[in-house]
2 protein chains.
Amino acid sequence: MADNKFTAADAQARCVPMSRLQAVIGGKWKILILWYIAFYKVQRFGELLRRLDGITQSTLTKQLRELEQDGFLHREIYREVPSRVEYSLTEFGQSFIPVLQNMLDWSEKQLCPDFVNPYK
Amino acid sequence: MADNKFTAADAQARCVPMSRLQAVIGGKWKILILWYIAFYKVQRFGELLRRLDGITQSTLTKQLRELEQDGFLHREIYREVPSRVEYSLTEFGQSFIPVLQNMLDWSEKQLCPDFVNPYK
DNA sequence: AGCAATAGTATCAAAAAGGACAGTATCATT
DNA sequence: AATGATACTGTCCTTTTTGATACTATTGCT
C-alpha cells in the first residue's frame with residue numbers, strides 16, 4: 001500500500017477476499033471465541049459460556065456452528081455422562097492465529113492504550 | 001499463544017481489547033472502506049460509493065461517520081462548486097494498515113485460495 | 001431563473017443478528 | 001423411578017444494521 005506498484009484494478013480485485021473475511025469473522029463474538037480456543041487449545045461448551053460474559057446459550061451455539069462450517073473449528077463429541085463436547089482449532093483455524101495475535105497487539109497498543117492488563 | 005507463559009487471567013483480561021476491536025471494525029463495509037482509503041490515500045464520497053458495489057448512500061454516510069468518530073478517518077470539506085469532501089486516514093488510521101494488510105494476505109492465501117487475482 | 005453535479009439528510013422498511021426462555025437427550029447415580 | 005449435569009434445539013421476540021427512496025444545500029454556468 002502507498003506509492004506502490006499496484007493498480008486500481010488490483011485494489012478492486014482484492015475486495016473479494018476482504019469482503020469474505022468480514023463475512024466470516026464479523027460476528028459479535030467470533031474473534032473472541034477464536035481467541036479463547038487458540039489460547040486454551042481446547043474448550044468445552046460450558047467453559048466458553050462462562051468466559052464470554054453476556055452471551056446466551058443459543059447465540060454461542062449459533063456462532064460455534066458458523067465457525068465450524070467455515071472451517072475454523074473442530075467439534076469432538078464425547079458420549080459420557082454427562083456428555084462432553086470439545087472445540088479446538090482445525091489446521092486452517094490455526095493458520096489464523098498470527099492474524100488474531102496481530103489484531104490483538106494493535107488493539108492493545110493503539111485502540112486501548114489506557115486499558116491496563118495487569119497480567120502482561 | 002500456545003505453551004505460553006500467559007495465565008488464564010491474562011486470557012480473560014485480553015478480551016477487552018478484542019471486544020473493542022470487534023465493535024470498531026465489525027461493520028459490514030468497514031474494513032473494505034479502510035482498505036480503499038489506505039490504498040488510494042484519499043477518497044471522495046462519490047468514489048467510494050462507486051467502488052463499494054451494492055452500498056447505499058445513507059449506509060456509506062453512516063459507516064464513514066462511525067470510522068471518523070472512532071478516529072480512523074479525517075474528513076476534509078472543500079467548499080467548491082460542486083462541493084467536494086475528501087476522506088483520508090488519520091495517523092491512528094494509518095497505524096492500522098499493517099493489520100489490514102496482514103488480514104488481506106491471510107484471506108488471499110487461506111480463505112480464498114481459489115480466487116485468482118490477475119493483477120497480483 | 002433554471003440546471004447540473006456533489007454530498008449529503010430524513011424517514012421508513014426490511015433484513016440480519018442476537019437474546020430469552022422453555023424444552024430435549026443422555027445415562028450414571030441414588 | 002427420580003435426580004443432576006452437560007450440551008444442546010426450537011420458537012418467538014427485540015435490537016441493530018442496512019437498504020430504498022425522496023428530498024435538501026451549494027453555487028457557477030447558461
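No experiment lies behind these values; they were computed from the predicted model shown. Lettering follows sequence order; numbering is per chain, from 1.
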**Q** Heavy-atom nearest nucleotide on DNA chain C for Thr61(B) versus Arg44(B): which residue maps closer to 5'?
**A** Arg44(B)
**Q** I want to check one thing: is the phosphate of dA7(C), taken as OP1 and OP2, less than 4.0 Å away from some side-chain N or O of Arg75(B)?
**A** no
**Q** Between dA20(C), dT9(C), dA7(D), spot the one nearest the side chain of Ser83(A), thanks.
**A** dA7(D)
**Q** Would you mind reading off the distance between Gln43(A) atom CD and dA7(D) atom P, rounded to a whole angstrom?
**A**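 Computing the Gln43(A):CD to dA7(D):P distance gives 11 Å.
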**Q** When the ring planes of Trp106(A) and Phe92(B) are compared, do they come out parallel, tilted or perpendicular, using 30° and 60° as the limits?
**A**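 Taking Phe92(B) first and then Trp106(A), their aromatic rings sit tilted (interplane angle of 30° to 60°).
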**Q** Does the side chain of Tyr87(A) get closer than 4.0 angstrom to OP1 or OP2 of dA7(D) through an N or O atom?
**A** no
**Q** Can you measure Glu68(A) atom CD to dC8(D) atom C1' for me and round it to whole angstrom units?
**A**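 So the CD-C1' distance, Glu68(A) to dC8(D), works out to 13 Å.
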**Q** Between Leu60(A) (CG) and dT6(D) (C1'), how many Å, whole number?
**A**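 Leu60(A) atom CG is separated from dT6(D) atom C1' by 13 Å.
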**Q** Could you go through the side chain to side chain contact (heavy atoms under 4.5 Å, CB included) check for Leu100(A) and Met18(B) one step at a time?
**A** CA-CA 9 Å; Leu100(A) 219 49; Met18(B) 272 297 196; 3.8 Å; yes
**Q** Report each atom pair, protein N/O against N/O of nucleotides 12-18 of chain C, whose distance is under 3.5 angstrom.
**A**
residue	atom	partner	partner atom	Å
dG18(C)	OP1	Lys28(A)	N	2.5
dG18(C)	OP2	Gln63(A)	NE2	2.6

**Q** Report the residue (Pro82(B) or Gln57(A)) whose heavy-atom-nearest nucleotide on DNA chain C is the more 5′ of the two.
**A** Pro82(B)
**Q** Is it possible for you to check whether Arg51(A) lies under 6.0 Å from the centre of the six-membered ring of Tyr40(A), through NZ or CZ, and within 45° of that ring's axis?
**A**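 Cation-pi check for Arg51(A) and Tyr40(A): passes.
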**Q** Would you indicate what Tyr78(A) reaches in the nucleic acid, counting non-hydrogen atoms under 4.0 angstrom: base, sugar-phosphate, or nothing?
**A**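 Touches nothing.
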**Q** State yes or no: do Phe115(B) and Val24(A) share one hydrophobic cluster built from I, L, V, M, F, W and Y residues joined by side-chain heavy-atom distances below 4.5 Å, directly or via other members?
**A**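 No; Val24(A) is not reachable from Phe115(B) via cluster members.
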**Q** Only one of Gln43(B), Glu76(B), Arg75(B) forms a side-chain hydrogen bond (donor to acceptor under 3.5 Å, both in side chains) with Tyr87(B), so which one is it?
**A**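 Passing option: Arg75(B).
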**Q** Measure the distance from CD on Glu76(B) to P on dG8(C) and round it to the nearest whole Å.
**A** 13 Å
